[in-house]
Amino acid sequence: MSASVEVHPWTAWHERLKFTVYALLAFNTLLFFLDEWEASEYLFSGEVPLAEVIVTFAASIDTLAWVLLLAMFELETYQIPDDRLTPPVFHTLRLMRGLCYFFVVYAFYGYLSKAIGLSAYDLEALPDLCAGIPDGMAVLLDLDEFETLTTGNCAELVASGDLRVAASGLVVAEPDTWRATVRLAWTDVINSGTWILVVALLELDVRLQFEHRLIGYWRSFSRWSKYVLYPTLLGAALYWGLVGVFLDFWDAFLWLVAFVFIELNVFQWRDERESAEHSESEAGSF
């Protein structure tokens with residue numbers, strides 16, 4: 001399905017840049033996992049319950065699934081020549097992409113659950129909190145960032161006014177911190193949902209091109225939809241940058257660059273297929 005690498009016009013530095021971006025995205029999976037693993041130690045006293053894995057490790061699972069999905073698109077639209085895309089290879093790629101889509105949607109559910117859970121923190125006055133701090137109680141500092149509540153930090157926290165308290169009763173937050181964290185959580189939801197729409201359009205672009213059904217009105221719809229979706233993703237990245245969440249900003253920036261490469265792969269592949277079909281048509285007319 002893809003164009004032959006030997007005839008692709010991109011220079012060597014384009015290839016190096018592309019695979020550097022891919023490698024950095026893979027490394028980000030580890031960074032997200034380390035952040036979420038540390039946060040899980042405050043949220044759960046022992047092992048993370050199976051039902052809570054997707055909520056606790058939503059960013060790690062999401063990033064890993066997207067890295068694998070990116071690899072599948074790269075293989076299908078660029079690395080594997082059309083004449084080597086045999087039915088077993090084609091169906092294997094589709095099966096792996098299907099598994100990636102499952103985990104991407106599953107991660108979206110995790111982001112949504114986390115945002116809803118944070119939004120449900122109740123505002124309460126806890127004047128006697130410092131007199132008997134429950135074991136394992138933590139203070140919310142940021143999304144996926146906590147510190148243990150101790151006698152040292154409790155008095156200052158209570159003096160700040162009424163606190164937001166999680167449904168479990170084991171996490172408290174200052175109202176301003178809680179509001180900022182909720183905004184970050186819903187930004188994750190918007191970002192994840194928008195990426196799902198982007199990849200759905202890209203999947204249809206690839207499938208319809210393969211089936212010779214990429215007709216004019218679909219191209220227009222796909223193009224104009226992406227004029228809305230990509231700026232939305234850029235807006236999420238800029239928001240993370242403005243509020244100082246560097247890892248999310250950096251990761252979002254890298255994903256935008258990575259999908260620029262994938263979109264260019266699809267454009268290049270489409271143009272080469274149409275050019276080849278046009279040449280065959282002209283040859284057949286003689």
Side-chain angles (χ1 to χ4, degrees), residues 28-63 106-193 236 238-252:
N28 282 355
T29 304
L30 175 61
L31 297 181
F32 280 120
F33 175 76
L34 293 175
D35 279 350
E36 291 178 324
W37 178 264
E38 183 178 356
S40 71
E41 295 178 348
Y42 289 98
L43 295 173
F44 305 99
S45 56
E47 294 184 357
V48 179
L50 183 60
E52 297 294 331
V53 168
I54 188 58
V55 178
T56 307
F57 298 101
S60 305
I61 295 171
D62 189 36
T63 306
Y106 193 31
F108 173 78
Y109 165 76
Y111 288 127
L112 184 61
S113 297
K114 183 183 293 186
I116 292 173
L118 282 168
S119 300
Y121 275 41
D122 292 323
L123 186 64
E124 295 183 15
L126 301 172
D128 300 325
L129 177 63
C130 301
I133 300 174
D135 292 338
M137 196 159 197
V139 182
L140 177 69
L141 302 178
D142 204 342
L143 191 62
D144 297 325
E145 186 176 350
F146 303 84
E147 71 175 6
T148 302
L149 185 64
T150 65
T151 54
N153 59 19
C154 184
E156 182 179 353
L157 185 68
V158 172
S160 66
D162 293 346
L163 301 175
R164 288 280 178 174
V165 183
S168 66
L170 293 178
V171 181
V172 295
E174 293 179 318
D176 289 344
T177 301
W178 170 80
R179 281 189 288 270
T181 303
V182 169
R183 285 194 292 268
L184 287 172
W186 283 107
T187 302
D188 281 341
V189 173
I190 293 170
N191 182 73
S192 177
L238 292 175
Y239 176 73
W240 284 319
L242 288 173
V243 299
V245 186
F246 177 76
L247 179 57
D248 286 354
F249 164 75
W250 175 239
D251 185 69

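What you see below is based on every heavy atom in this structure, not just the backbone, and it leaves out hydrogens, waters and symmetry mates.
- Looking at every heavy atom in both residues, Phe57 comes nearest to Glu36 through CA-OE1, 3.1 Å.
- Annotation: the span from Asp128 atom CG to Ile133 atom CD1 amounts to 12.0 Å, rounded to 0.5 Å.
- Rounding to the nearest 0.5 angstrom, the gap separating the CZ atom in Arg164 from the CG atom in Leu118 is 11.5 Å.
- The two atoms that bring Leu157 and Glu174 nearest to each other are CD1-CG, 3.4 Å, heavy atoms only.
- Two residues are said to be in side-chain contact when any heavy atoms from C-beta on lie closer than 4.5 Å; Asp144 and Lys114 meet this criterion.
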Decide yes or no on side chain to side chain contact (heavy atoms under 4.5 Å, CB included) for Val189 and Phe108, but give the supporting numbers first. CA-CA 7 Å; Val189 173; Phe108 173 78; 3.8 Å; yes
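- Between atom CG of residue Leu149 and atom CG of residue Asp135 there is a gap of 11.5 Å, rounded to the nearest 0.5 Å.
- Separating the OG1 atom in Thr29 from the CG atom in Leu34 is a distance of 11.0 Å, to the nearest 0.5 Å.
- Taking CG from Leu30 and CH2 from Trp37, the interatomic distance works out to 13.0 Å, rounded to the nearest 0.5 Å.
- Counting only residues at least two apart or on different chains, the side chain to side chain donor-acceptor pair (under 3.5 Å) pairs with a member in residues 240-251 are Asn28-Asp251, Asp251-Trp255.
- Under the 3.5 Å distance criterion, the side-chain polar atoms of Asp35 are left unmatched by any main-chain donor or acceptor of Phe32.
- Here CG of Asp188 is found 9.0 Å from CG of Asp62. Values are rounded to the nearest 0.5 Å.
- What you find for Ala155 and Cys130 is that their closest heavy atoms are N-SG, 3.5 Å.
- Between Ile61 and Val53 there is a side-chain heavy-atom pair separated by less than 4.5 Å.
- Within 6.0 Å of atom CD in Glu147, more than 12 heavy atoms from other residues, nucleotides or ligands are found, so the atom counts as buried in its surroundings.
- Classification of the Tyr109-Tyr106 ring pair by plane angle, with boundaries at 30° and 60°, yields parallel.
- Nearest heavy atom pair, residue Leu140 against residue Thr177, reads O-CG2, 3.4 Å.
- Remark: of the listed residues Leu238, Leu184, Asp142, Leu184 is the sole one forming a side-chain contact (heavy atoms from CB on, under 4.5 Å) with Val243.
- Nearest heavy atom pair, residue Ala115 against residue Ser119, reads O-OG, 2.7 Å.
- Side-chain atoms of Tyr121 and Val171, non-hydrogen and from C-beta on, do get closer than 4.5 Å to each other.
- Heavy atoms only, all atoms of each residue included: Tyr111 and Ala58 are closest at OH-O, 3.8 Å.
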Working for side chain to side chain contact (heavy atoms under 4.5 Å, CB included), residues Thr63 and Phe33: CA-CA 10 Å; Thr63 306; Phe33 175 76; over 6 Å; no
